[in-house]
Amino acid sequence: MNDPVLIWGAGAIGGILGAYWARAGVPVLMVDIVPEHVTACATKGLVIEGPVEEFQQVIPCVTPENLTGTYSRIVLAVKAHATEAALAQLIPHLAEDGYVLSAQNGLNEHVIASHIGAERTIGAFVNYGADWVEPGRILFGNRAAVVVGEIDGSIQNRTTDLHKLLQIFEPDAILTNNIWAYLWGKLGYGAMLFATALSTDSMTDNFADPARGPALMGLAREVMRTARAEGVKPKPFNGFDPLAFMPEASDDAALQSLADLAVFNSKTAKTHTGIYRDLAVRKRKTEVDPQVGTVAQIAQSHGIDTPLLRRLVELIHDIEDGRREMSADTFHELTKVLS
């Protein structure tokens, strides 16, 4: 394929991928809705900073209304709640034989497939730490798991090609025949990450706090129980052990996973989640509904009650709408659910 890889969303995930690929000589075109960011990337270059690597890379970048042509490979890297809107804009630019790779958090592959077909949809799991700091600047906080796979479990030439592309950025990237196992694992970890954003404390401080352990463990258990009902066996990564949060697992196993997550997150320059940044810095809506809310809905379809997940959604909305402050007291509204 001679056409550029089109990256839709040049933020923390898409921007870093674009910078690494462009630096390696891979033809790339990025699309973003922030004009100042688009201009910075296309003129002086996108600055990647932090402990992993620091460099500046000029990357062709346009706003959606200035995009022309069709593309065989589109990487969708927008927030989960922006998926529908992004698809409406990108589908006219998707070549007839093209596909969309979801480099997002959540189960957006289902949404994408409903618009363009499952056979044109590919999944990816990304766990590296990154933050969009300001137009033209992204913090790359730490390396972590990167996985790609077809949603039907097959291994195709295009999947192998994508895996090679991802290895340019992450040499340890994994090609899997079970992408759903990683996506559901991230949902379990992600539910806990949403809970860490209920206060101003770092991810590490949350995972290391014994008083917060029961609520964090309870959230992951609700997600893992739902994954099992869906017929999925989530995979471990970066300290998150799905088996530790299954119904038959001991508290000791769950506490060990929390301790491992505290250690993993203590080694990144990204001390707080992107969820925290959305709430505290960028003052915008989070992905709580398409991530945590979606799991609660799936659980309900299986007759599984998820009181912690449902309360977490409510609390995040309270902060978004200014009804609550981010604090330890807000976190422990979750703990009250357990009493």
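Numbering starts at 1 and runs along the sequence shown.
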Got Glu333 and Phe331 here, is their nearest side-chain heavy-atom distance under 4.5 Å?
no
State plainly whether the residues Arg282 and Asp131 are in salt-bridge range, i.e. N to O under 4.0 Å.
no
Looking at Arg158 and Glu150, does any basic side-chain N land under 4.0 Å from a carboxylate oxygen?
yes
Verify, without hydrogens or angle tests, whether Arg277 (side chain) and Trp132 (backbone) share a donor-acceptor contact under 3.5 angstrom.
yes
Keeping the roles fixed (side chain from His272, backbone from Met203), state whether a donor-acceptor pair exists under 3.5 Å.
no
List the atom pairs, donor and acceptor, that lie under 3.5 Å between side-chain atoms in residues 140-149 and the rest of the protein, sequence neighbours left out.
residue: Asn142; atom: OD1; partner: Gly129; partner atom: N; Å: 3.2
residue: Asn142; atom: OD1; partner: Thr268; partner atom: OG1; Å: 2.7
residue: Arg143; atom: NH1; partner: Phe169; partner atom: O; Å: 2.8
residue: Arg143; atom: NH1; partner: Glu170; partner atom: OE1; Å: 3.2

Validation row: Leu101, Arg73 side chains within 4.5 angstrom (heavy atoms)
no
To the nearest 0.5 Å, atom CG of Asn127 lies from atom CG of Asn238 at 4.5 Å
So which atom in Ser266 and which in Thr204 form the shortest heavy-atom distance, rounded to 0.1 Å?
N-OG1, 3.1 Å
Any heavy-atom pair between the side chains of Glu222 and Pro307 that's under 4.5 Å?
yes
I'd like to know whether His317 forms a side-chain contact (heavy atoms from CB on, under 4.5 Å) with Val288, so could you lay out the CA-CA distance, the side-chain angles of the two residues, the decisive distance to 0.1 Å, and finally the verdict.
CA-CA 8 Å; His317 284 320; Val288 71; 3.8 Å; yes
NZ/NE/NH1/NH2 to OD/OE distance under 4.0 Å, Glu230 and Arg225:
no
Parallel, tilted or perpendicular: which fits the ring planes of Trp180 and His110, with parallel below 30° and perpendicular above 60°?
parallel
Please check if any side-chain donor atom of Lys186 sits under 3.5 Å from a side-chain acceptor atom of Asn105, or the reverse.
yes
Salt bridge check: are Lys79 and Asp278 linked by an N-O gap of less than 4.0 Å?
yes
Under 4.0 Å between a Lys/Arg side-chain N and an Asp/Glu carboxylate O for Asp201 and Arg212?
yes
Donor-acceptor pair, Ser257 side chain versus Ala253 backbone, under 3.5 Å?
no
So how far is it from Ile316 CD1 to Asp321 CG, rounded to the nearest 0.5 Å?
11.0 Å
List the steps, then state whether ring pair (Phe, Tyr, Trp, His ring centres under 6.0 Å) holds for Phe245 with Phe240.
CA-CA 9 Å; Phe245 300 102; Phe240 180 76; 5.4 Å; yes
Checking side-chain polar atoms at under 3.5 Å, does Glu119 have a donor or acceptor matched by the opposite partner on Tyr99?
no
Gln291 and His81: side-chain donor and acceptor closer than 3.5 Å?
no
Linking Ile, Leu, Val, Met, Phe, Trp and Tyr by side-chain heavy atoms under 4.5 Å, what else ends up with Leu6?
Trp8, Leu29, Val31, Val62, Leu67, Tyr71, Ile74, Leu76, Val78, Leu87, Leu90, Ile91, Leu94, Val100, Val111, Ile112, Ile116
Can you find a side-chain donor-acceptor pair between Asp260 and Gln256 that sits under 3.5 Å?
yes
Is a side-chain donor-acceptor pair under 3.5 Å present for Thr83 with Gln104?
yes
Applying side-chain hydrogen bond (donor to acceptor under 3.5 Å, both in side chains) to Asp152 and not counting sequence neighbours gives Ser154
